[in-house]
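Read through the structure below, which is laid out as structure tokens, and then see the notes.
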Amino acid sequence: QHIRCDLSPDGKYLMSGSEDGGVYVWNIDSGEQDMSVGTSRLPQMKGLCTDVAWNPAERIIAACAFSRKHPILIHRYEREKDNMAGEE
């Protein structure tokens with residue numbers, strides 16, 4: 001199995017699935033995990049999260065798991081502090 005990642009539409013964030021089923025976001029400039037979207041606000045899969053994707057126009061992400069119960073989750077997200085490009 002491969003775990004894939006995706007860059008945000010503004011190129012500032014990297015989102016990735018993980019072996020623990022979590023979806024994680026990192027700040028490209030600092031290299032640190034972005035905590036402005038808390039992990040409790042992101043999808044948690046019941047199995048290996050193999051792929052993630054940002055919607056280019058809306059605050060929606062898709063996450064795919066290697067699981068029959070939750071093959072694809074669509075999730076609308078909000079940041080505690082909105083720092084996406086053009087929306088400051």
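Remember, it's a predicted structure, so these values are computed and weren't measured experimentally.
Proximity of a side-chain donor or acceptor of Glu58 to a complementary backbone N or O of Arg76 within less than 3.5 Å is not detected. Looking at Thr50, its side chain does come within 3.5 Å of a backbone N or O of Cys64 through a donor-acceptor pair. In terms of modelled atom types and a separation under 3.5 Å, the side chain of Asp6 and the main chain of Trp54 share a donor-acceptor contact.
The distance from atom OG of Ser8 to atom CZ of Arg59, rounded to the nearest 0.5 Å, is 11.5 Å. Note that the CG atom of Asp34 and the CH2 atom of Trp26 stand 11.0 Å from one another [nearest 0.5 Å]. For the atom pair CD (Gln33) and OH (Tyr13), the distance works out to 13.0 Å, reported to the nearest 0.5 Å. For the atom pair CG (Asp51) and CE (Met15), the distance works out to 9.0 Å, reported to the nearest 0.5 Å. Between the CD1 atom of Ile72 and the CE atom of Met45 there is a distance of 8.5 Å, given to the nearest 0.5 Å.
When every heavy atom of Cys49 is checked against every heavy atom of Gly22, the shortest pair comes out as CB-O, 3.9 Å. Heavy atoms only, all atoms of each residue included: Leu48 and Ser18 are closest at CD1-O, 3.6 Å. Shortest non-hydrogen contact noted between Ile3 and Ser16 is CG2-OG, 3.9 Å. Between Pro56 and Pro9, the closest heavy-atom pair is CA-CG, 3.7 Å.
Residues Leu7 and Ile28 meet the side-chain proximity criterion, which asks for heavy atoms closer than 4.5 Å. Looking at heavy atoms from C-beta onward, Ile61 lies out of side-chain contact with Val52 at the 4.5 angstrom threshold.
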